[in-house]
Amino acid sequence: MPGIAKTRRTIAEKAVLEMEEAGIYKPQYDRIIDVYALAFEQYYKLLKEFRIEDYKSRSPLALSLENLRKDVLAYSVQLGLTPTGLKKITGEKMGRKKQSKLEKALKRIES
């Protein structure tokens with residue numbers, strides 16, 4: 001199983017793949033995907049330098065990590081890479097396909 005995508009390129013590729021699988025990817029999203037990937041890459045780089053003492057002292061590194069984490073989460077929601085974000089985009093719950101009125105009517109006739 002491949003590891004976690006940690007470079008800007010691999011993060012962006014994975015985001016595009018996940019969005020394609022969900023049926024929500026459009027090339028117009030590439031710029032925001034790039035910003036998302038850059039923020040995620042910076043987060044991973046800072047995380048390598050992080051020590052628990054940084055968190056306890058609320059160092060600039062800890063504050064930067066917290067801000068990047070919030071940014072990555074916000075971008076993830078906007079791009080539909082979280083269940084909440086996907087639901088906002090598609091109006092559907094994960095794993096369930098929204099039925100049209102015609103499909104509902106046909107099911108009633110079959111029953």
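The structure displayed is predicted, hence computed values, not measured ones. Count residues from 1 along the sequence.
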If I take atom [atom1] from residue [X] and atom [atom2] from residue [Y], how far apart are they, to the nearest 0.5 angstrom?
| X | Y | atom1 | atom2 | value |
| --- | --- | --- | --- | --- |
| L65 | K45 | CG | NZ | 13.5 Å |
| T7 | E13 | OG1 | CD | 7.5 Å |
| K14 | I33 | NZ | CD1 | 13.5 Å |
| S64 | F50 | OG | CZ | 11.0 Å |
| D71 | E66 | CG | CD | 10.0 Å |
| L63 | L46 | CG | CG | 11.5 Å |

Just checking Q78: does its CD atom have more than 12 heavy atoms from other residues, nucleotides or ligands closer to it than 6.0 angstrom?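 No - once you tally the heavy atoms of other residues, nucleotides and ligands closer than 6.0 Å, there are 12 at most.
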
Could you label the plane-to-plane angle of the Y43 and F40 rings as parallel, tilted or perpendicular, counting under 30° as parallel and over 60° as perpendicular?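 Judged by the thresholds at 30° and 60°, the geometry between Y43 and F40 is perpendicular.
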
Under a 4.5 Å side-chain heavy-atom rule over Ile, Leu, Val, Met, Phe, Trp and Tyr, are [X] and [Y] clustered together?
| X | Y | result |
| --- | --- | --- |
| L73 | L38 | no |
| I11 | L17 | no |
| L81 | V77 | no |

Give me the atom names and distance for the closest heavy-atom approach of M19 to Y29. CE-CD1, 3.4 Å

Please report the closest heavy-atom contact between E41 and R8, naming both atoms and the distance. OE2-N, 3.1 Å

Taking only residues two or more places apart in sequence or in another chain, which ones pass salt bridge (charged side-chain N to carboxylate O under 4.0 Å, His left out) with D30? none

